[in-house]
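Inspection log for the structure reproduced underneath, given as structure tokens.
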Amino acid sequence: MLEVRELECVRGDHRLFKGLNFTLQAGELLHLRGTNGAGKTSLLRTLCGLMLPADGDVLWRGESIRSLRDEYNRALTYLGHLNGIKGELSAIENLQISSSLSGINLSEERILRALDDMGLAGREDLPTKVLSQGQKRRVALARLLLSETTFWILDEPFTALDVHAVEYLKRLIADHLTADGMVILTTHQYVKIDAGIIKEVDLSA
Amino acid sequence: MLEVRELECVRGDHRLFKGLNFTLQAGELLHLRGTNGAGKTSLLRTLCGLMLPADGDVLWRGESIRSLRDEYNRALTYLGHLNGIKGELSAIENLQISSSLSGINLSEERILRALDDMGLAGREDLPTKVLSQGQKRRVALARLLLSETTFWILDEPFTALDVHAVEYLKRLIADHLTADGMVILTTHQYVKIDAGIIKEVDLSA
Amino acid sequence: MGFKNSIIWMYFSSPRNFYPLAGKLIPWFAGLAAIFAIVGLYISFFVAPPVLSDQKEYYVIIFIHVAAAWMSMFIYVVMSVYAFIGLVWNIKMSEMMATALAPTGAMFTFLALWTGALWGRPSWGTYWVWDARLTSELILLFLYIGFMSLQSAIDDPRRAARASGLLAIVGVINIPIIYFSVRWWNTLHQGFSVTPTQTKQLVDPAIFWGMIIVALACWMYTIAVVLARVRTEILERERQTSWVQGLVGGQK
Amino acid sequence: MKARHKRLMFIVVGLGGLSVAAALVFNAFQSNMVFFFSPSDVQASQAPANHDFRLGGLVEEGSMKREDDGLTVHFVVTDRAQTIPVIFTGILPDLFGEGQGVVAQGRLNDDGVFIAHEVLAKHDESYMPPEVQDAMERAKQATSASLVSSESK
Amino acid sequence: MSEGSLLFAWRSMLVRDVMLAMRRKADVLTTLFFFLIVVSLFPLGVGPELETLRQIAPGVIWVAALLAAMLSLGRLFSDDYDDGTLEQMLLLPHSLSMMVLSKVFAHWLLSGLPLVVFSPLLGMQLGLNGDAIILLMITLALGTPALSLIGAVGAGLTLGVRGGGVLVSLLVLPLYIPILIFGAGAVESAASGLGADAHLSILGAFFIGALVVTPLSTAAALRISLD
Amino acid sequence: MSEGSLLFAWRSMLVRDVMLAMRRKADVLTTLFFFLIVVSLFPLGVGPELETLRQIAPGVIWVAALLAAMLSLGRLFSDDYDDGTLEQMLLLPHSLSMMVLSKVFAHWLLSGLPLVVFSPLLGMQLGLNGDAIILLMITLALGTPALSLIGAVGAGLTLGVRGGGVLVSLLVLPLYIPILIFGAGAVESAASGLGADAHLSILGAFFIGALVVTPLSTAAALRISLD
Ligand code: HEM
Ligand SMILES: Nc1ncnc2c1ncn2[C@@H]1O[C@H](COP(=O)(O)OP(=O)(O)OP(=O)(O)O)[C@@H](O)[C@H]1O
Ligand SMILES: Nc1ncnc2c1ncn2[C@@H]1O[C@H](COP(=O)(O)OP(=O)(O)OP(=O)(O)O)[C@@H](O)[C@H]1O
Ligand SMILES: [Mg+2]
Ligand SMILES: [Mg+2]
């Protein structure tokens with residue numbers, strides 16, 4: 001499905017990586033490793049099409065993602081270092097809007113259930129800016145519960161989460177893989193996921 | 001040295017904690033635990049004097065920190081969720097300025113050494129905004145190496161750091177405790193520090 | 001032939017290959033610029049009819065003014081074409097050319113405004129009026145300045161080049177407005193003296209050729225300066241590559 | 001297929017929009033988008049009353065008179081169809097002269113005299129030595145109505 | 001289906017931006033307030049002679065509208081950029097230009113429309129006559145959307161650039177100036193009893209041209225800024 | 001010792017802010033550019049009759065200076081707030097008011113001083129006479145620091161409030177208006193050949209009053225905003 005060909009990424013004077021090749025199929029998880037500054041975030045953003053690679057290409061079902069933007073985006077969920085939620089809106093509103101922006105109309109119960117699953121019961125109506133760091137991250141992660149995409153790109157999804165939330169997220173990822181989804185993630189924490197095929201790419205090398 | 005008396009913290013409708021009491025002496029580390037949203041960050045900010053408690057008081061050497069601001073601040077280093085570094089300035093400039101703001105004049109070698117210790121060799125002169133998440137955190141942590149304060153308040157210092165950096169920071173904290181420093185920190189990761197006396201306070205309860 | 005051309009084009013679209021070529025071309029264009037400048041100035045001061053009944057001696061300013069005004073518009077068009085190529089086909093060399101052109105374009109724009117204002121004072125009786133020609137030329141200066149400030153405000157060179165390139169492309173609308181403003185509106189500024197077809201003979205041949213040759217001098221000068229600037233730009237943006245490091249190391 | 005249709009639609013809408021815009025611009029040039037008004041415009045009451053405006057045209061041959069103070073000038077502005085008398089006190093630009101283009105700023109008084117407080121000279125497009133110009137001028141006389149109004153048409 | 005979902009997304013984006021603004025009522029009021037203030041400052045700075053005021057009124061009101069539009073540009077994309085919702089917007093399965101258009105429309109509703117609505121008040125305050133006031137409203141109604149559209153390109157280009165808030169004025173001003181000239185010019189000719197058709201045509205052309213060209217350019221600018 | 005380190009910290013803060021601004025040359029130039037632009041827009045909007053222009057010149061220049069000062073307020077604390085350096089500033093072992101004063105001074109150096117320096121140019125462009133131009137410089141030199149000082153309180157209060165950039169104008173304008181009136185008034189009386197001592201005294205009083213009162217208030221405002 002996803003194929004990365006001879007990818008090269010340059011930031012300023014530094015060439016972060018070069019000649020990177022890998023593929024990812026349905027049901028597979030790619031754990032991207034690397035020291036701080038190795039270029040994990042840059043790679044993920046390139047995979048999303050947010051950054052232009054210096055060289056090489058990213059193919060989705062055999063076609064370059066640059067020529068295929070809408071279709072690719074329909075299959076993709078990206079969670080970056082930033083949460084992508086609006087501080088002035090409540091968790092419910094945030095999720096409602098983010099799903100209707102991708103063209104899905106969700107019932108309020110569905111959203112409430114997702115928030116409940118993420119351990120945010122009782123905080124659904126607060127403007128998210130007053131939430132704690134971990135609670136904000138949970139709101140962002142609730143998008144995964146509500147999306148219908150197959151390909152998740154998660155940049156350090158476990159930061160700021162407490163142990164329960166980490167466990168829950170691991171189960172969620174495992175379920176997604178079992179349902180033939182695809183995941184690429186980075187994390188510095190030790191995390192073990194028991195499902196699908198796990199690949200690793202290390203950028204520090 | 002530090003004494004917390006019947007502290008209560010209220011945010012909006014939620015009382016986060018109440019009747020909180022503990023003391024901290026030289027050479028002691030307090031590990032603050034709690035689920036997401038338990039009120040750890042709020043407590044730390046209250047201890048710094050950035051937030052006013054709803055009730056109770058924080059005493060430093062027997063006096064309320066509110067009447068003792070300058071002296072207390074001279075003993076304190078706080079590292080919050082935000083890094084407190086300027087994206088436009090290089091790592092060197094950031095550290096130079098932050099130390100001269102607290103009244104210390106450092107030589108450039110000293111700073112370069114600290115940055116080198118934090119694994120930032122080769123990135124000292126880049127504007128910090130282009131650094132990776134973990135590298136930014138490292139710049140912020142380098143302040144600990146350069147400060148002469150006794151009391152460190154660290155809010156999730158390990159986020160975004162890779163394993164090497166985590167190890168290094170643990171050693172740094174241990175050294176600080178051995179040198180009769182005091183540390184309060186929160187973290188959701190499992191971290192073991194082999195020095196000083198380790199206390200725990202759990203806010204989820 | 002098209003094939004061969006495109007090979008050459010691709011070859012020189014690589015900064016590494018363009019750098020030495022530019023180095024070789026600079027002296028030629030500089031030389032041409034000097035020759036044209038000498039001939040042009042000779043024509044303007046000695047061959048062109050020395051006194052026009054109403055324009056007095058200061059009409060000699062025409063030679064600088066017209067050349068500068070032409071160049072200001074021409075350079076902008078070239079710059080935005082480069083920017084477009086750079087943006088769409090992601091060709092670095094093209095981005096660098098656009099970057100290198102801007103300061104010279106701004107200079108000529110400024111020169112056109114300045115000489116125009118100086119000339120306007122004795123001939124029209126004012127330095128400045130807000131007519132369409134003058135206003136749109138002023139806007140051109142702002143566009144150049146905007147281009148350069150945007151570029152210097154963004155750190156990442158590639159992003160800077162792309163962002164300012166986009167600005168250049170959007171601003172190109174202004175060029176036909178400048179050019180045709182004298183036809184479309186009643187302006188205080190005079191209409192076309194020199195039309196591409198030259199059907200109406202409005203200008204004395206000596207003056208006409210003087211203007212053309214001074215313009216050529218400006219053109220050659222622009223090419224020489226821009227090539228020099230683009231060379232430093234190449235060194236700046238390619239400094240991490242081995243060939244530049246070899247080059248710089250070798251010079252030490 | 002679908003994507004191509006969508007793109008085509010965007011292009012059509014875009015081109016349509018641009019042509020409407022162009023049509024509007026050309027419509028604007030039909031009417032008097034003016035830096036100055038010609039004497040004919042003024043006689044047709046198109047120029048503002050009780051308000052400053054600019055009057056443009058040629059200084060009629062033989063119409064220029066200076067008052068004794070040496071500063072106040074009377075002249076007539078013409079576009080070869082209509083004329084307007086003008087009074088101006090001040091220093092005239094070099095290029096000002098009979099038969100030359102002029103743009104004057106001011107307002108009409110009740111007698112239909114234009115009281116100018118600023119006079120600018122407008123130069124024509126020709127850069128010819130005087131002898132040649134005279135010759136050409138004579139040849140051209142028949143065809144060219146005026147250099148000023150030629151652009152506004 | 002796909003068109004339906006684009007429309008749905010378009011509306012959601014609009015609703016979102018309006019909702020965000022409404023969360024802080026101040027947000028809507030302040031652009032308007034700024035406009036009112038600038039215009040009202042003039043009599044204070046210039047002195048209260050009605051004749052002078054009437055003469056400079058169209059210019060002052062238009063300059064104020066332009067400044068108000070320019071000021072509010074800063075917030076057009078930067079909030080979304082800072083909290084990461086902008087990068088999510090780039091990853092939506094819809095044409096980015098359409099999303100941009102939706103945001104710009106919201107921006108105009110919140111910053112341009114109030115100016116149009118309140119301009120008659122200011123016109124009267126500065127002594128404009130009836131015709132001129134009507135023209136003032138029409139020109140603002142045509143001109144402010146063009147300002148928003150053009151401003152969006154500048155806002156997109158300067159995203160994440162420090163001092164962008166003011167840099168953006170440098171970039172958009174060259175294109176704002178003609179709008180100002182024709183806008184104020186139309187009102188002025190109306191005030192002196194002349195027709196303003198030509199001015200209006202040009203403003204209309206600006207508006208439509210901007211409507212066609214800028215969404216694409218803004219989308220490109222955003223992609224560049226997030227690179 | 002403690003005084004020495006306070007002075008050292010004071011200077012570092014100043015150096016830091018100037019350095020940050022210099023990192024983007026655009027940053028310094030743009031406030032100035034905005035000022036120049038606003039003033040230059042007027043002839044475009046109002047029409048180029050020198051007589052009218054001369055009459056409204058003091059008002060226009062002062063309004064432009066006020067707007068330029070107001071615009072640059074947005075960035076006074078908000079960058080520091082967003083990246084956490086402001087909370088670090090609150091934890092410094094020095095009087096917060098002094099730190100605030102240092103920041104405000106830097107702000108004036110970067111946004112007010114250039115206006116003072118370039119105002120003669122604009123005065124000439126709008127046809128002011130020599131006396132009036134000198135008065136223009138003096139009033140701006142007295143007035144712009146007061147604007148910066150007062151603006152700082154507003155900027156502190158609206159920190160972290162969405163749309164704060166415009167909200168702040170709402171808060172500070174009531175205090176800005178008197179400065180505008182006396183500033184422009186002084187220039188006007190000079191332009192018409194009258195003395196302007198009274199105006200200048202009042203401006204001076206404003207400046208010194210602000211210098212005494214606002215650092216404390218700003219410090220308090222910052223503490224409240226970060227709570
Ligand atoms: C600040 C004031 C002025 C500005 C901004 C200005 C601008 C320009 C520009 C942009 C052009 C090039 C247009 C083209 O190629 O057709 C031009 C051409 C020209 N200008 Fe000016 N101008 C100014 C003042 C003057 C004055 C005072 C005169 C003489 C009275 C003058 C005489 C000419 C001539 C003869 C041409 C060549 C026309 C042609 O190419 O056919 N300009 N000016
Ligand atoms: N302009 C530049 N000049 C030099 N190096 C740059 C520039 N911009 C970015 N970099 C480098 O590019 C890298 C970006 O890394 P990226 O954010 O992808 O790292 P990461 O692997 O995600 O790290 P982390 O684990 O800390 O999140 C960093 O090492 C940074 O120093
Ligand atoms: N206005 C408010 N109304 C209700 N609850 C609020 C309000 N403001 C803050 N809160 C709550 O206060 C808590 C703040 O928690 P704080 O940031 O101290 O948590 P934390 O323990 O640091 O969490 P984390 O591990 O996620 O960083 C959150 O639970 C938040 O929901
Ligand atoms: Mg990263
Ligand atoms: Mg926390």
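Values below: every heavy atom of this structure, side chains too, minus hydrogens, waters and symmetry copies. Chain identifiers are assigned alphabetically (A, B, ...) following the order of the sequence lines, protein sequences preceding nucleic acid strands; residue numbering begins at 1 within each chain.
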> Hey, which of A:V130, A:L161, A:T187 has the most heavy atom pairs under 4.5 Å with chain B?
Replying inline: A:L161

> Relative to chain B, which segment of A:A160 carries a heavy atom at a distance below 4.5 Å: side chain, backbone, both, or neither?
Replying inline: backbone

>> At a heavy-atom distance under 4.5 Å, which candidate from A:R137, A:Q133, A:H164, A:K40 has the highest pair count against chain B?
In response: A:Q133

> Which residues, numbered in order, of residues 108-127 of chain A come under 4.5 angstrom of chain B by heavy-atom distance?
Replying inline: A:G122, A:R123

> Roughly how far, to the nearest 0.5 Å, is the OG1 atom of A:T159 from the NE2 atom of B:H81?
Replying inline: 10.5 Å

> What distance separates A:Q189 CD from B:Q189 CD, expressed to the nearest 0.5 Å?
Replying inline: 4.0 Å

> If you draw a 6.0 Å radius around CD in B:Q25, do more than 12 non-hydrogen atoms from other residues or ligands fall strictly inside?
Replying inline: yes

>> Only pairs of heavy atoms separated by less than 4.5 Å count here; which of B:E156, B:R11, B:R138 has the most with chain A?
In response: B:R138

> Distance from A:D162 atom CG to B:T35 atom OG1, nearest 0.5 Å?
Replying inline: 5.5 Å

> Can you list every ring pair (Phe, Tyr, Trp, His ring centres under 6.0 Å) pair that touches residues 111-153 of chain A, not counting sequence neighbours?
Replying inline: A:W60-A:F151, A:W152-A:H176

> What are the two closest non-hydrogen atoms of B:S132 and A:G37, and how far apart are they?
Replying inline: OG-N, 3.1 Å

